[in-house]
A.B. asks: 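Before I ask anything, let me first share the structure, which is written out below as structure tokens.
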Amino acid sequence: MYIQEVSIDGFKSYAQRVTLTNFDPGFNAITGLNGSGKSNILDSLCFVMGIKNLSAVRAQNLQELVYKQGSAGITKATVSIVFHNNDPQNGPSGYEDKEYITVTRQIVIGGRDKYSINGHAAQQG
């Protein structure tokens, strides 16, 4: 399995939806100018995968992960990661028949924190 696509919407410095594609199955690097959001891309990957220690993504609470903490009218942050299930026999159980597996996490100012896998509600394990 490898990352096919990452979508970031309302997360940290990403007010508008940004979709990153063309990941290589073997090696990837995030490059750019200082202040361009490189670290926030990595933080979004940790977030969608369920990080519990928010200090690792430079935040004290979930509200800090929403663009400008909701003060700019954006009240939720959503991150989706699409995995290409190129080796289904070694992939997650129950998804052997899926070519792609999409994991999404969304938080809303005020406390709602939800996960989904391929559009179906899921719980953090």
Side-chain angles (χ1 to χ4, degrees):
M1 256 176 40
Y2 64 91
I3 297 173
Q4 180 80 28
E5 176 180 298
V6 176
S7 294
I8 306 168
D9 188 9
F11 183 86
K12 287 192 154 190
S13 61
Y14 292 93
Q16 304 293 324
R17 182 182 176 102
V18 173
T19 301
L20 308 168
T21 59
N22 299 320
F23 286 88
D24 184 84
F27 179 82
N28 291 281
I30 299 170
T31 63
L33 300 173
N34 288 344
S36 63
K38 299 178 299 292
S39 295
N40 291 342
I41 292 171
L42 295 175
D43 290 350
S44 74
L45 294 173
C46 293
F47 167 74
V48 73
M49 297 306 293
I51 193 164
K52 293 180 193 281
N53 181 1
L54 291 178
S55 65
V57 293
R58 300 167 293 134
Q60 293 181 352
N61 58 61
L62 288 175
Q63 181 172 318
E64 290 182 8
L65 299 177
V66 177
Y67 179 75
K68 294 191 176 180
Q69 298 184 39
S71 66
I74 296 172
T75 59
K76 64 182 177 181
T78 307
V79 178
S80 294
I81 185 169
V82 179
F83 292 99
H84 188 279
N85 193 17
N86 60 327
D87 186 7
Q89 299 311 312
N90 291 314
S93 179
Y95 294 90
E96 294 87 357
D97 63 331
K98 306 294 184 200
E99 184 177 3
Y100 299 101
I101 301 169
T102 303
V103 178
T104 301
R105 183 177 184 187
Q106 181 181 76
I107 54 170
V108 178
I109 296 282
R112 194 175 81 209
D113 183 7
K114 66 179 185 177
Y115 291 85
S116 67
I117 301 175
N118 287 357
H120 300 285
Q123 293 183 354
Q124 185 178 20

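Since the structure is predicted, the reported quantities are computational estimates derived from the model, not experimental observations.
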A.B. asks: Mind checking what makes salt bridge (Lys or Arg N to Asp or Glu O under 4.0 Å) contact with D97, not counting sequence neighbours?
C.D. replies: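 Here no residue qualifies.
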A.B. asks: R58: what forms a salt bridge (Lys or Arg N to Asp or Glu O under 4.0 Å) with it, not counting sequence neighbours?
C.D. replies: D43
A.B. asks: To the nearest 0.5 Å, how far apart are CD in Q63 and CD1 in I109?
C.D. replies: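 Result: 4.0 Å between the selected atoms.
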A.B. asks: Do F83 and Y2 sit in the same hydrophobic cluster, where Ile, Leu, Val, Met, Phe, Trp and Tyr count as joined when their side-chain heavy atoms come under 4.5 Å apart?
C.D. replies: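 As far as the 4.5 Å side-chain criterion goes, Y2 and F83 are not connected within one cluster.
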A.B. asks: Look up atom OG1 in T75 and atom OH in Y67, then write down how far apart they are to the nearest 0.5 Å.
C.D. replies: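 If I round to the nearest 0.5 Å, the distance is 14.0 Å.
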A.B. asks: With the 4.5 Å side-chain cut-off for hydrophobic clustering, are M49 and Y115 part of the same group?
C.D. replies: no
A.B. asks: Show me the pairs that pass salt bridge (charged side-chain N to carboxylate O under 4.0 Å, His left out) and involve residues 111-125, at least two apart or across chains.
C.D. replies: R105-D113
A.B. asks: Please report the shortest heavy-atom distance between G37 and S13, naming the atom on each side.
C.D. replies: CA-OG, 4.2 Å
A.B. asks: Over all heavy atoms of both residues, which pair between K98 and N85 is shortest? Give the atoms and the distance, please.
C.D. replies: O-ND2, 2.9 Å
A.B. asks: Can you list everything that forms a side-chain contact (heavy atoms from CB on, under 4.5 Å) with Y100? Sequence neighbours excluded, please.
C.D. replies: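 Here the qualifying residues are Q4, V82, H84.
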A.B. asks: Could you work out, with side-chain hydrogen bond (donor to acceptor under 3.5 Å, both in side chains) as the rule, every residue matching T19, not counting sequence neighbours?
C.D. replies: S7
A.B. asks: Partners of S55 by side-chain hydrogen bond (donor to acceptor under 3.5 Å, both in side chains), sequence neighbours excluded?
C.D. replies: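 Per chain and number, S55 pairs via side-chain hydrogen bond (donor to acceptor under 3.5 Å, both in side chains) with N53.
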A.B. asks: Is there side-chain contact between P92 and I101, with heavy atoms separated by less than 4.5 Å?
C.D. replies: yes
A.B. asks: Is it the case that the side chain of E64 and the backbone of L62 share a donor-acceptor pair, with hydrogens and angles ignored and the cut-off at 3.5 Å?
C.D. replies: no
A.B. asks: If I compare all heavy atoms of I74 with all of G10, which pair ends up nearest, and what's the gap?
C.D. replies: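 Minimum heavy-atom contact is CG2-CA, 4.0 Å.
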A.B. asks: Sorted by first residue and then second, give each salt bridge (charged side-chain N to carboxylate O under 4.0 Å, His left out) pair with at least one member in residues 68-90; sequence neighbours left out.
C.D. replies: none
A.B. asks: Which ring-ring contact (aromatic ring centres under 6.0 Å, His included) pairs, counting each pair once, include a residue from residues 3-57, with sequence neighbours left out?
C.D. replies: F11-F47
A.B. asks: For D24, what residues pass the side-chain hydrogen bond (donor to acceptor under 3.5 Å, both in side chains) criterion, not counting sequence neighbours?
C.D. replies: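 In terms of side-chain hydrogen bond (donor to acceptor under 3.5 Å, both in side chains), with neighbours along the sequence ignored, D24 is linked to no residue.
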A.B. asks: Decide if atom CG of N61 counts as having more than 12 heavy atoms of other residues, nucleotides or ligands within a radius under 6.0 Å.
C.D. replies: yes
A.B. asks: Can you hop from V48 to I51 via hydrophobic side chains spaced under 4.5 Å?
C.D. replies: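 In one cluster: yes.
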A.B. asks: For residues 117-125, which side-chain donor-acceptor pairs fall under 3.5 Å, sequence neighbours excluded?
C.D. replies:
from: N118; atom 1: OD1; to: T102; atom 2: N; distance (Å): 2.7
from: Q124; atom 1: NE2; to: G50; atom 2: O; distance (Å): 2.6

A.B. asks: Could you state the interatomic distance from CZ (R17) to CG (D9), rounded to the nearest 0.5 Å?
C.D. replies: 6.0 Å
A.B. asks: How far does OG1 of T21 sit from CD1 of I3, to the nearest 0.5 angstrom?
C.D. replies: 12.5 Å
A.B. asks: If you group Ile, Leu, Val, Met, Phe, Trp and Tyr by side-chain heavy-atom gaps below 4.5 Å, do L20 and L45 land in one group?
C.D. replies: yes
A.B. asks: Quick one: does any side-chain atom of K38 pair with a main-chain N or O of I30 as donor and acceptor, under 3.5 Å?
C.D. replies: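 Absent.
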A.B. asks: Against K12, only a single residue in I41, L65, V79 fulfils side chain to side chain contact (heavy atoms under 4.5 Å, CB included); can you say which?
C.D. replies: L65
